[in-house]
Amino acid sequence: MMSECHCSNWIILKFGGTSVTSRACWETIAGVARQRLAEGLRPVIVCSALAGVSDQLECLIAEALVGRQEPVLAQLIERHLSFARELGVEESIVQEPLDALGRIAQGMALTREVSPKLKAQVMSQGELLSTRLGAAFLKQQGLASDWRDARELIGASEMVGSEQRRYLAASCATDTDEGLAAALEGSGEGVVVTQGFIAANAQGETVLLGRGGSDISAAVFATKLGATRCEIWTDVPGLFTADPRRIPQARLLLHLGYDEAQEIASFGAKVLHPKTIAPLKRHDIPIVIRWMERPDFSGTVISADATASEAQVKAISAKRGITVVSMETVEMWHQVGFLAQVFDCFRQHGLSVDLVSSSETNITVTIDNLANALDPESVRALVADLKRFCQPRVVDNCAMVSLVGRHIRSILHEVGPALAVFAEQRIYMLSQAANDLNLTCVVDEDQATPLAAELHAKLFGGRGEDGLLGPSWQELFEPCPKPAAPMRQAWWRHRADELIALAHQESPRYVYDAADISAAIERLQGLRSIDRIFYSVKANNCPDVLELIEQKGIGFECVSAAEIDLIIECFPGIDVRRMLFTPNFVGRAEYERAFAIGTWVTLDNLYPLEAWPDLFRGRDIFVRLDPGKGRGHHEYVHTAGTKSKFGIPPMQFDALEEAVRRSGAHVVGLHAHVGSNIHEPETWSEVALFLAHAAERFPDVSVLDMGGGLGVIEQSGQSALDLAKVDEALAAVRRVYPRFAFWVEPGRYIVAESGVLLARVTQTKHKGEQFYVGVDAGMNALIRPALYGAHHEIVNLSRLNETPNCVATVVGPICESGDILGYERTMPTPQEGDVLLVAATGAYGRVMSSTYNRRALVSEYLLT
Ligand code: LLP
């Protein structure tokens with residue numbers, strides 16, 4: 001039996017979903033636990049469910065409600081039994097929770113009902129299962145370990161509020177609790193293994209601590225036990241100076257004060273749940289972020305020690321999904337109580353505001369869309385109400401770009417020059433936090449990453465390792481790139497001489513690399529969850545490129561009758577079912593043409609069905625639906641949601657069913673395409689799930705087409721879309737819905753990186769602060785920078801090996817101020833005749849070019 005004074009020897013080790021999912025993870029956990037025991041500490045291991053299991057449990061609930069729980073249940077059972085086999089522990093260990101799950105699922109299927117109380121029971125099984133398996137494994141490894149049910153150890157505070165809140169987002173007290181220490185004494189000298197995310201209420205019923213609740217559990221255990229420290233084990237090395245997945249130059253932060261960490265965590269770094277920090281701060285318990293891949297790596301330490309450190313900026317954060325509401329009050333100048341009125345209005349609509357800035361006649365606030373579940377309807381209602389006493393203006397699709405750190409106010413003069421990056425931006429609001437922990441600019445959402453990257457470069461670029469800054473994300477990951485998403489060297493670096501020769505023959509000129517296109521297609525063909533690929537012809541319709549693509553055996557997605565005709569012209573005998581027609585607002589004649597040829601046809605409006613039913617009678621068709629949320633590199637390429645003209649939204653599904661029935665068409669496929677150049681790998685599985693649910697209304701559906709939009713690298717240093725993750729996420733949906741074939745229709749992914757625009761320097765000019773380099777191609781040849789602010793890497797190909805020594809703004813010969821191909825690019829100083837290369841222009845380059853100013857269309861060349 002341990003004496004009381006040992007209580008401070010408790011240490012909490014928390015392992016998230018991705019850190020408990022393989023045998024290797026549990027070997028690491030065993031090693032860490034042994035080490036802590038050897039240090040004289042007593043570990044309490046708090047675990048999440050196996051990665052993806054919580055989502056599967058959500059899916060189980062949804063499926064049980066329509067009586068189709070069996071496939072998901074079978075999946076869950078198999079997942080855990082096979083994990084038991086992987087760990088080499090008895091399968092019977094998980095029999096009881098799996099049986100319980102089966103019983104609850106049957107119950108839900110019978111009653112077609114799920115209360116929050118029942119949902120909590122279902123969701124809790126994920127953690128109960130993972131910890132039973134893990135504890136057995138540790139025991140088998142010779143480590144004394146005791147599995148404890150967290151519901152017998154921590155109780156939720158009595159909460160008022162909805163049933164939903166009480167069962168699914170409960171909270172726990174975080175005061176020292178000698179009773180808990182006493183209860184754990186019974187576990188002996190080894191390690192305790194228990195669950196995150198779950199607790200019990202006063203009635204002994206299961207409650208959840210909300211998504212991400214495992215971190216909160218770790219804080220609850222740590223504070224109740226007065227632990228010596230709380231270690232959060234995860235799949236990243238720690239907290240960084242910026243979001244490293246978007247800015248790979250971001251540096252590891254070695255030490256942070258609690259408040260700074262809170263600020264960074266709340267600004268969207270998903271490493272640590274923001275609610276974890278305050279209770280640990282109150283008890284002065286250090287938090288250490290540790291990296292599963294390298295257990296010896298020291299990670300980020302969050303403690304009171306760092307709090308006293310000098311004023312400095314520690315991170316740049318960008319938080320997207322922000323709506324700005326600006327309220328003018330001209331007529332109510334100096335009116336008493338105006339602020340109160342405004343805030344009361346937000347309160348009545350259940351909206352909480354983040355930033356506030358006010359003047360005598362205006363008050364502007366920001367709302368976090370996600371935290372407030374903000375939808376267009378609630379914005380409309382708010383605006384209508386506000387109009388009673390001011391003139392509201394709403395700007396959506398904004399982001400907050402913030403400098404985070406201590407005492408920023410006192411070092412404004414130092415950060416001042418870096419703020420020049422905002423010079424060309426529309427800034428909707430500037431706010432300096434009352435706690436002096438951040439300085440925030442609210443800008444357009446699509447500017448968030450470039451601005452954050454630039455600010456980061458100005459404030460952290462070139463700084464060596466010191467007590468605060470560790471290695472960069474790039475340095476940590478580049479020496480051992482993950483096999484899932486290896487960095488690829490751009491092909492043109494090895495073919496500079498050939499390219500220069502081609503540009504001397506003719507300039508400007510688009511050049512494509514055949515091997516790069518083939519490799520991209522092969523990567524896509526390697527995805528096991530995808531049955532058919534249709535190349536989106538609109539991205540690049542150079543006949544030589546099409547020929548290469550045809551040879552790889554994939555299909556073609558066309559958006560106009562003219563694109564269909566081009567494919568027929570290039571490949572006269574082609575199987576017409578290798579073509580998919582996905583038009584938007586085209587006239588009747590183009591549909592007639594597609595049906596006459598015999599391609600698959602996708603409809604994205606009710607009008608054609610209702611107005612021309614004869615055209616569709618007896619035909620198999622696809623229907624394009626709108627999943628409600630657009631994505632992609634710029635708002636112009638978001639093709640879902642209320643503001644986009646594409647697809648049929650759920651509120652029109654009844655009308656669609658009716659129109660289909662009347663026309664006598666058969667819906668055999670459902671389609672959605674939410675945007676272009678998307679880097680979030682879960683996008684397509686979310687679309688697939690949406691379509692699968694919608695398919696319940698259309699019994700003939702056998703194909704789900706998730707559209708295109710797969711992202712490519714735009715700037716050096718950016719990481720590639722993780723195709724393996726896309727595949728994995730789709731595979732999970734497939735396991736639940738094996739009856740559907742999955743199709744995709746990428747354009748950019750196949751051709752973007754294969755293409756370069758070559759242009760020759762005509763002259764240079766110094767004006768104001770700018771050094772302009774003029775080339776013979778402008779927005780007529782490549783409109784993406786002017787239209788979307790798109791970034792294309794530009795290099796001076798003629799001086800590839802010289803040291804960059806100038807900052808050039810690359811412009812074309814077109815009579816518009818927007819005729820800029822690249823703004824302030826560092827390169828070796830160009831001379832007349834040099835060849836500049838504009839990279840990654842194989843998609844939406846030449847196809848969107850024009851003859852503006854009577855400039856000739858740029859020619860194309862395929863390098864084999
Ligand atoms: N499927 C449909 C129905 C589409 O509308 C598109 C593109 C694609 C597939 C192919 O998307 P991708 O895989 O290439 O992202 N001009 C813009 C891109 C517009 C994309 C339009 N639709 C740009 O330069 O970024």
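Everything numeric here is computed off the predicted structure, so don't read it as measured data. Order of listing sets the numbers, starting from 1, for every ligand and every atom in it.
Taking a cutoff of 4.0 Å between a charged side-chain nitrogen and a carboxylate oxygen, Arg493 and Glu793 qualify as a salt bridge.
Proximity to Glu745 (heavy-atom distance under 4.0 Å) selects the following atoms of ligand 1: 1 (N), 2 (C), 3 (C), 8 (C), 9 (C), 10 (C). Close approach to Pro746 involves these atoms of ligand 1, each under 4.0 Å from a residue heavy atom: 13 (O). Proximity to Thr582 (heavy-atom distance under 4.0 Å) selects the following atoms of ligand 1: 3 (C). Those atoms of ligand 1 that come under 4.0 Å of a heavy atom in Arg624, given as number and element, are 3 (C). Distances below 4.0 Å separate heavy atoms of Arg784 from the following atoms of ligand 1: 23 (C), 24 (O), 25 (O). Residue Glu557 approaches ligand 1 through these ligand atoms, each under 4.0 Å from one of its heavy atoms: 1 (N), 2 (C), 3 (C), 9 (C). Less than 4.0 angstrom separates some heavy atom of Gly747 from each of these atoms of ligand 1: 10 (C), 12 (P), 13 (O), 14 (O). Near Gly708, the atoms of ligand 1 lying under 4.0 angstrom from a non-hydrogen atom of the residue are 9 (C), 13 (O).
The residue from His633, His671, His673 that puts a heavy atom closest to atom 11 (O) of ligand 1 is His673. Considering Gly675, Ser676, Ser536 only, the shortest heavy-atom separation from atom 15 (O) of ligand 1 involves Ser676.
At a 4.0 Å cut-off, not a single heavy atom of His634 sits close enough to ligand 1 to count as contact.
Contacts of Lys538 with ligand 1, taken as heavy-atom pairs under 4.0 Å, involve the side chain alone.
Two residues are said to be in side-chain contact when any heavy atoms from C-beta on lie closer than 4.5 Å; Leu757 and Pro508 meet this criterion. In this structure the side chain of Val668 never reaches within 4.5 angstrom of the side chain of Val703, judged on heavy atoms.
The nearest heavy-atom contact from the protein to atom 20 (C) of ligand 1 is Tyr844 OH, 3.5 Å.
For ligand 1, one of its N or O atoms has an N or O atom of Tyr788 under 3.5 Å away. Among the atoms of Gly709, some N or O lies under 3.5 angstrom from an N or O of ligand 1.
A side-chain N or O of Arg784 and one of His633 form a donor-acceptor pair less than 3.5 Å apart. Remark: the Ser529 side chain and the Arg735 side chain contain no N/O donor-acceptor pair separated by less than 3.5 Å. For Ser536 and Glu557, the side-chain atoms include at least one donor-acceptor pair closer than 3.5 Å.
Within 6.0 Å of atom CZ in Arg495, more than 12 heavy atoms from other residues, nucleotides or ligands are found, so the atom counts as buried in its surroundings. Other residues, nucleotides and ligands place more than 12 heavy atoms under 6.0 Å from the CZ atom of Arg588.
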Criterion side-chain contact (heavy atoms from CB on, under 4.5 Å) on Trp600 and Asp705, from CA distance to verdict: CA-CA 12 Å; Trp600 296 106; Asp705 179 341; over 6 Å; no
Apply side chain to side chain donor-acceptor pair (under 3.5 Å) to the pair Glu816 and Tyr852, showing each step before the final yes or no. CA-CA 11 Å; Glu816 301 236 5; Tyr852 188 34; 2.7 Å; yes
